[in-house]
There are 4 protein chains.
Amino acid sequence: MSLIIRGATVVTAEHEFRADVVCAEGVITAVGPGLSAPADAKVVDGTGKLLLPGGIDPHTHMQLPFMGTVASDDFYTGTAAALAGGTTMIIDFMIPGPDGLLAGYETWRERAEKSACDYSFHGCVTAYSDKVAEEMGVLARDKGINSFKHFMAYKGAMMLPDDALLMSFNRCRDIGALPMVHAENGELVYYLQQKLLREGIKGPEAHPLSRPPELEGEAANRAIVIAAVAGVPLYLVHTSAEQAVEAIIRARLNGQRVYGEALGGHLAVDDSVYRNEDVVFARAHVMSPPFRPKGHPEALWKALQAGHLQTTGTDHCAFMAEQKAMGKDDFTKIPNGCAGVEDRMSVLWELGVNTGRLTPSEFVAVTSTNAARIFNIYPRKGSVSVGADADLVLWDPTVQRTISAKTHHQNVDFNVFEGMKVAGGPSVTVSRGRVVAADGKLLAERGAGRYVPRTAFGPAFEAAGKAKALLAPRAVQR
Amino acid sequence: MSLIIRGATVVTAEHEFRADVVCAEGVITAVGPGLSAPADAKVVDGTGKLLLPGGIDPHTHMQLPFMGTVASDDFYTGTAAALAGGTTMIIDFMIPGPDGLLAGYETWRERAEKSACDYSFHGCVTAYSDKVAEEMGVLARDKGINSFKHFMAYKGAMMLPDDALLMSFNRCRDIGALPMVHAENGELVYYLQQKLLREGIKGPEAHPLSRPPELEGEAANRAIVIAAVAGVPLYLVHTSAEQAVEAIIRARLNGQRVYGEALGGHLAVDDSVYRNEDVVFARAHVMSPPFRPKGHPEALWKALQAGHLQTTGTDHCAFMAEQKAMGKDDFTKIPNGCAGVEDRMSVLWELGVNTGRLTPSEFVAVTSTNAARIFNIYPRKGSVSVGADADLVLWDPTVQRTISAKTHHQNVDFNVFEGMKVAGGPSVTVSRGRVVAADGKLLAERGAGRYVPRTAFGPAFEAAGKAKALLAPRAVQR
Amino acid sequence: MSLIIRGATVVTAEHEFRADVVCAEGVITAVGPGLSAPADAKVVDGTGKLLLPGGIDPHTHMQLPFMGTVASDDFYTGTAAALAGGTTMIIDFMIPGPDGLLAGYETWRERAEKSACDYSFHGCVTAYSDKVAEEMGVLARDKGINSFKHFMAYKGAMMLPDDALLMSFNRCRDIGALPMVHAENGELVYYLQQKLLREGIKGPEAHPLSRPPELEGEAANRAIVIAAVAGVPLYLVHTSAEQAVEAIIRARLNGQRVYGEALGGHLAVDDSVYRNEDVVFARAHVMSPPFRPKGHPEALWKALQAGHLQTTGTDHCAFMAEQKAMGKDDFTKIPNGCAGVEDRMSVLWELGVNTGRLTPSEFVAVTSTNAARIFNIYPRKGSVSVGADADLVLWDPTVQRTISAKTHHQNVDFNVFEGMKVAGGPSVTVSRGRVVAADGKLLAERGAGRYVPRTAFGPAFEAAGKAKALLAPRAVQR
Amino acid sequence: MSLIIRGATVVTAEHEFRADVVCAEGVITAVGPGLSAPADAKVVDGTGKLLLPGGIDPHTHMQLPFMGTVASDDFYTGTAAALAGGTTMIIDFMIPGPDGLLAGYETWRERAEKSACDYSFHGCVTAYSDKVAEEMGVLARDKGINSFKHFMAYKGAMMLPDDALLMSFNRCRDIGALPMVHAENGELVYYLQQKLLREGIKGPEAHPLSRPPELEGEAANRAIVIAAVAGVPLYLVHTSAEQAVEAIIRARLNGQRVYGEALGGHLAVDDSVYRNEDVVFARAHVMSPPFRPKGHPEALWKALQAGHLQTTGTDHCAFMAEQKAMGKDDFTKIPNGCAGVEDRMSVLWELGVNTGRLTPSEFVAVTSTNAARIFNIYPRKGSVSVGADADLVLWDPTVQRTISAKTHHQNVDFNVFEGMKVAGGPSVTVSRGRVVAADGKLLAERGAGRYVPRTAFGPAFEAAGKAKALLAPRAVQR
């Protein structure tokens, strides 16, 4: 089965150029002007459109058991929705249970078999021990997991204290894996939650009050210093607060290798949603970190533009209104999470490219290529080049659409972008050389996705190691 | 017994003016031009000299039991040396033992009876419990202690975790006391100390390597965020690292009431001392935070000039070479501390006023008046005004001196300012109306100093309370 | 004629204390508890109220001939309104005509004779020449003018190019006068004005579009660098844009002596006024710099709180609707200016003290004392101390009032604070020992005000000189 | 004539990969593993080495007539030296004479015919007029010049005032050309030069004193604001001062498209050279901006690492000691300029890659690819891809060398990197498919270089246009 896309303008993170693209056996086999199609090739007309590397969402939680329920989008519905929106790969968070990381990995592999698009996993370190260290090594060396998230929030559950963070960051450095953090000061969140409940403020409006932006800034700053001591790069997931952005900028301007991710939601929505008179609406927006006061989204955009944030994700973790209602009497019991995997690309294009904040190439970088590089799967993913996986999106910059839960493919009854008008969207999505969505029709195939292992010791490690060696303590000659 | 100082230029934190000053019964009774002397008055000629409020050193540790030994300057020798240098009041840190804060207070009162100059105490919270909270309240209400220090370093000893910091800051807010922090991330210090020892780097050169400036910056930033959550002002002792200064500046530029103190030593000396070929010399400089790399002292100066640091102290904690030698095989066992109470005023004048960084009025502010205001003893201390305690320094801006342990009055065999040439110094020091040093002759009297209680709820508390009320979480009407 | 104010809490820039205050012959003769009143003394009961130094407005333009008309408040009506609001001194800008600075000084002296409160003048350098340099010297040495404003805007009129700014700043340094700047890049303003007119955008909404905040930031930054080269302190009038604030902060954090003034209007009002559907309303707000987009006022407040702005003024320059209508077909012809001298104190109290941004002492500093120090008339003005001019305000923090042009004393038919509710205001105003306003009744006397000469070489000059000497170019020995 | 390079690790700005590279007819015809060589192909063994895109030096002045003499490296000697060091393309500044830009273009084309490597030209706007505007349009549309430099320094010669800068930036925007600036405040430079000469400080040590870093910061900030008003991207040549870097960072963090270039010299050398006891040595370093005080080079490095500076050049403008001696009695007459085109790549590798500041890919970006993109010749230049010009460097990271004027190929008797030990350098340089340097032997051919025209409206223009349109002034509906 082969495919040729003719006449489009190819857009990569580096530049734009006119070329035909031929795919066969799931990979790109030719890129160039005036290519002849293989005999059996399906022909897609790209005239007047852009051909981009498929989107990579580096932050999803499909069918996650969380807070007493399970996220409503499973690996099939969630990845199918992703394809509908032009995202052809997700990196999901494998959160281990008491059986440990290896057992968790197996569970996730099994759950993900139904995926319609390619997928990979980040590990999570929810406690630190010799066993954890050992299993981290196995995952990095043998199982294709080169990144591990650490929670600085969720006191009493997954929150790690500083000494565990340091030990785990050290371990990451030694096994060539990228440490990631959910940066919020969990002690202070817990205190504010209890204080609000004591004062009788129990609705969803209390959620952002319990997690002010300063707490994210503090944790981000702390994680960055711990990473500096460990001599390892660091990746901050779902950076949402200006204070966290500033911590990242300070570190980067000081030569430290720190990466940050912004979510489509945080780039588009502010915290007024929590004060909406419709409490169901307010509850539907509960996720952590919360949507932030006006001003913060603009700070995220500016950091994306300046290169201090590199990736965009969604933290896709869908819950139905019925599930959200578990917290109707206590905001701390509302399952945390919002959907987004389907609309990220359109929202980024509308608010990014249509406003002049981003060039099309920069759009490709922040929706696909940068994630591929940071997580060490470039150029297999995130590029339009011979030999790469044929994950492509034919993008129509003129198509207009209004985002709505009524029409989306995500298995959830709410959409944080509801009513947003976007110009620009996928005309055809290609996953491993197969057309999986075209002209609004979703052709996703259950189980067609493949696991993408990621090699340890990504490109920044060698340089980080040299920089570290220069700073390392050393004996003074007397 | 009365006294008149004639013909000097009075310098206050506000302005300079020509006036005579009359003192009687330990207080200032008249300030003005051409005053007539009381019949019995001792007359001091101030012609060509400046008359300043006596210096206040808000950070000393006299005869402190620490790290298995006791600081060599006791309350008498240390305060006598202070008077020799123009400092007429100290605020010493009362560090409680297992008997608790009230017992500690009594111990300190008793130890301090031999003081030659006036004194007051900060409390220290080295663990947090209901008993501690109760005793903090008693000290603030009944004993004149309106400030409490918290250690973020010294893991396994006095270090407090974030939840204890928060509870204690909340308590401080409620009792009108100013929380203070020693800001260094103790977890990371401990890790680096152990790493250095494991790697065989055991000399004093390891001391700064185990406490890089970033760790102070991290802790300062964290303490500031905790104080913001608690809604209380905050005072950072011995700010030494540019990163900590920047954290303070960020907070202050955001409207938070945060104060910072610089030490005379940190303003004048850099970390090259630890790499000196003479290991005894290197060891003599071991204190925490350590002296910092070049660039940091300049950052402290600029923050002092811009008003982001308000006070200067010394962390005076003297140890003899013999005591320092306890750590000859292990830098973590070197008693931490350096002397400085005697020379702070001269060093600040030389590096501050003689370079144009500070006006004489600004010098008065950072060596005396600001401390008096922040710790709520102004205008009794820190001013030249009728009714104020007659603590005065007649300052000769022309006198030249080379600082040396050979000539200083401190009971210690080392001086971190050894060999520094300074122009400007005290000609006459007056403590509570009595001449206690004149023309290089020290006339300090053992036991002449008095305890100065400090009232709770200083000037910033009301404003901080209002600001907090505006930010406090509140119910949303639906 | 003498006066005693009994039982109030005196608030100075340094502290608060209970004291009676006695005034005689226009000056304060006693400050202390339980004073006995002179026989003939008028007694004012201050119980439950605060007694502050009278406000100083360092930026007014009374009866200024400008843009083809004359400001509607003359020195009498304007200063009477000032007294009604608790301001007891103004510093007006003497803008010379073709006859030069000395002639301008005489004109201003004559115009100001009708003033009801004390006054002083800043000079203005609207072109630079040997004659100007000579007359600047005479004004500084003999006429009590120790500050000169320079316009970086108003191309084709008063705008000075960089070389003239440098020469004039050098001259200021030599004569001990403080250079001031109106910081906006006049070239870029002119270009944008012409562009807007060409595009047919001629209403008052074009005014802020022609003067974006960036242009103020640029000019502020440039003036600061020129002052650094000249080795002279600098004062920026009516700082309104965050970018200018940031330029000031950068300089101050680098040790340069730069001062900034915020206007009451810029602290309270944003640029949405220019888009009001009522064009007369919009026009009434035309002043330069214009009111700024949301966010800028908050930046000014934070800089005031942190001490990077030191003074507050009004740029009081009143024009009637009829005068404003001169620009009905061309926004560049609308006379620039708004009133404010009467309400500054109340607005600052409401938005500053009532919100916890400022303590009462800090309020005194930014409305009075800091201006007195910077312009070298402290403690004669800006203090409550024996020997100072008896300019006092008995402040009632509980009185409530709604600001309105219907009730104000200013001779203008508009008020930019219209409808603003303020709690806190003057109960009694005392000017040179005379009650000039009490309980809402204005008792101002035409011509009662006196000229206040200001001595050159204020307190910062010596330090700035030393700092400069250290940086000065010097020969290298080979 | 064809060529195959076998077994190297190809390093691009995006990633590293093992591949053989085949070149024919001056372009790259194949990139991939295990390629078969064309029959006639010259075979180069790349085993153990890196294969990079040839360096692009975006800032040279070959055989420039300047300050009464002519730069000693002409287009042949200079480009041959470039090839020796691994740089395969230069962009030289065409500085027009009185005959105008088109005449200047012809002169430069003719002079450059002798070049050994490919070349392109930036234009320079040294005055602004209708004729200049017209000729800028012709150059951009027909002659391949899409960038124009403007001098903010050199008062009385090429310095442009603000209104001319604005008009020219507007013109650049309309013709799709990138405006560039030499950012130093020429008025202030001139003043300081005259002041130094008046004070008898005439040697080369006066050069940096006359051009302090603050003056570059001021001009950079001003140019950036003018570009914002014009709505056009901006490129700052030879950014050398931390203050200028900070201005760029501020703009970029605010979403403005501003680019900055660092010179190899400024990254490696500080201003102590001007105080060297050997006046000939000091004089040899005179260039503008001058080498900067310690701290500035580190600021440049950090900005390069963080992506706020994108390119590295040399400002190669060589003068012999004899020429430099023209200014022996007056530092303002020393011909400004230093060589560097030969050593930039090695210096960047040594100080960048060997220290861990840069990964090899980042090295490629800042020495080649970013310049190709910004100046719109990517991927023809700056890439290793099929169809690109075969400009390649086989880089040996292990080779050691000490830089010296004794061994360099530049036609000048001095080298600012004299004595610097570097590990890493070109093993083979390929220009348009021809081996032009190999194993230390230079095989450059006079006249082999070709002119590379550059198309207007580079990739950032469309986005900048959209962003501008959003900000543009527009009528308010009343």
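Fair warning: this is a prediction, and the values are worked out from it, not measured in the lab.
- Between Gln243(C) and His296(C) the shortest heavy-atom distance is OE1-CE1, 3.3 Å.
- In this structure, chain C has a heavy atom under 4.5 Å from the backbone of Arg357(B), while its side chain stays farther away.
- For Ser385(C) (side chain) and Ala388(C) (main-chain N/O), no donor-acceptor pair under 3.5 Å exists by modelled atom type.
- For the options Arg252(C), Arg257(C), Gln305(C), heavy-atom pairs under 4.5 Å to chain B are most numerous at Arg257(C).
- Leu358(C) touches chain B through its backbone: at least one of N, CA, C or O sits under 4.5 Å from a heavy atom, while the side chain does not.
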| Worked verdict on Glu298(C) versus Arg292(C) for salt bridge (Lys or Arg N to Asp or Glu O under 4.0 Å) | CA-CA 11 Å; Glu298(C) 193 56 34; Arg292(C) 298 299 192 184; over 6 Å; no
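- Aromatic ring orientation, Phe17(C) versus His15(C): parallel (interplanar angle below 30°, classes split at 30° and 60°).
- Note on Gly307(C), Pro379(C), Ala303(C): by heavy-atom pairs under 4.5 Å with chain B, the leading option is Pro379(C).
- The aromatic rings of Trp395(C) and Trp349(C) sit tilted, their planes meeting at an angle between 30° and 60°.
- Both the backbone and the side chain of Val353(C) come within contact range of chain B, each with at least one heavy atom under 4.5 Å from a heavy atom of that chain.
- The candidate with the highest count of non-hydrogen atom pairs below 4.5 Å against chain B, out of Arg373(C), Glu14(C), Lys302(C), is Glu14(C).
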